[in-house]
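Everything on this sheet refers to the single structure shown next.
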Amino acid sequence: MGMAAVESQFHVLAVDDSVIDRKLIEMLLKTSACQVTTVDSGSKALEFLGLQENDKNQTCVSLDNHQEAEINLIITDYCMPGMTGYDLLKKIKESASLRNIPVVIMSSENVPSRISRCLEEGAEEFFLKPVRLSDVNKLKPHMMKTKCKSPQQQQKQEAEIIVTQDNQESIDTTYVVP
């Protein structure tokens, strides 16, 4: 894959404490031609994004650890030890430098009040696990918001990323747990 192809990929930060769920979301996103970075906690996601919490539980930008890679979307599990996906969402939306990055929350628990709270706080979508390829395909319009600067670029980008769903919906994942 040439350098131009890598630069045109969407870059997604996937956050989940479950290694199985991280691998599944990574596989689905890569099937959709996305570059994926995975981390196992909300605090590691903030660190990757260049945000650090200080002793007063306030978030500030740390230029030393800031990654050069542009993130087009963050997808995070809701229920994680330490910082929940909801807490991560709030910190991202409070940050002047990150608030425009779309955030998607996923959870294995269908709790309507939790879903509403996340959407009200600024989440673009709330997916129930297991996440499917059809869910991942819903993310493209959200990623377009951070990828394209002008309407002409957006139309061109949309034409380039049209994904046929003929064979993609038939991807099945089998988990083997020792």
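Looking at Glu94 and Lys90, no side-chain N of the basic residue comes within less than 4.0 Å of a carboxylate O on the acidic one, giving no salt bridge.
Across all non-hydrogen atoms, the minimal contact from Asp17 to Pro81 is OD2-CD, 3.3 Å. Minimum interatomic distance between Gly122 and Leu89 (heavy atoms only, all atoms of both residues): C-CD1, 4.1 Å. The two residues Leu88 and Gly42 have their closest heavy-atom pair at CD1-O, 3.8 Å. Closest approach of Asn72 and Pro102 over heavy atoms only: O-CD, 3.2 Å. The two atoms that bring Thr76 and Gly85 nearest to each other are OG1-CA, 3.8 Å, heavy atoms only. Between Leu128 and Arg132 the shortest heavy-atom distance is O-NH1, 4.5 Å.
To the nearest 0.5 Å, atoms CG (Leu29) and CG (Leu24) are separated by 9.0 Å. Here the CD-CD1 distance, from Glu120 to Ile115, works out to 12.0 Å after rounding to the nearest 0.5 Å. Rounding to the nearest 0.5 angstrom, the gap separating the CE atom in Met106 from the CD1 atom in Ile75 is 4.5 Å. Atom CG of Asn100 and atom CD1 of Ile92 lie 12.0 Å apart (nearest 0.5 Å). Here the straight-line distance linking atom CD of Gln35 with atom CD of Gln9 works out to 6.0 Å at 0.5 Å rounding. Atom-to-atom distance recorded for Phe10:CZ and Ser32:OG is 10.5 Å, nearest 0.5 angstrom.
Counting heavy atoms from C-beta outward, Asp77 and Lys129 have side chains that approach closer than 4.5 Å. Put simply, the side chain of Asp40 reaches to within 4.5 Å of the side chain of Arg22, judged on heavy atoms. Side-chain contact between Val104 and Phe127: present, with at least one pair of heavy atoms (C-beta onward) separated by less than 4.5 Å.
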- Message: Could you go through Val12 and Ile74, starting from their C-alpha distance and side-chain angles, then the distance that decides it, and tell me whether this counts as side-chain contact (heavy atoms from CB on, under 4.5 Å)?
- Response: CA-CA 6 Å; Val12 178; Ile74 299 164; over 6 Å; no
- Item | Leu73/Leu13 under side-chain contact (heavy atoms from CB on, under 4.5 Å): CA gap, chis, key distance, verdict | CA-CA 6 Å; Leu73 184 124; Leu13 177 60; over 6 Å; no
- Passes salt bridge (charged side-chain N to carboxylate O under 4.0 Å, His left out), Asp87 versus Lys91? Steps please. CA-CA 6 Å; Asp87 295 334; Lys91 291 192 181 299; over 6 Å; no
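Residues meeting the salt bridge (Lys or Arg N to Asp or Glu O under 4.0 Å) test with Lys138, sequence neighbours left out: Asp135. With sequence neighbours left out, Ser41 forms a side-chain hydrogen bond (donor to acceptor under 3.5 Å, both in side chains) with Ser43. Scored by the salt bridge (Lys or Arg N to Asp or Glu O under 4.0 Å) test, Glu125 finds no partners at all (sequence neighbours excluded).
The environment of NZ in Lys93 is crowded: more than 12 heavy-atom neighbours from other residues, nucleotides or ligands sit within 6.0 Å.
The side chain to side chain contact (heavy atoms under 4.5 Å, CB included) test with Asp16 singles out one residue from Thr38, Val39, Asp21, and that residue is Asp21.
No donor-acceptor pair under 3.5 Å is formed between the side chain of Thr84 and the backbone N or O of Met80.
Because its NZ or CZ atom is not both nearer than 6.0 Å to the ring centre of Tyr86 and within 45° of the ring axis, Arg114 does not count as a cation-pi partner of that residue.
Taking the six-membered ring where tryptophan is involved, the planes of Phe48 and His11 are perpendicular, since the angle between them exceeds 60° and thus also 30°.
One hydrophobic cluster holds both Leu119 and Ile101 under the rule that ILVMFWY side chains link at heavy-atom gaps under 4.5 Å.
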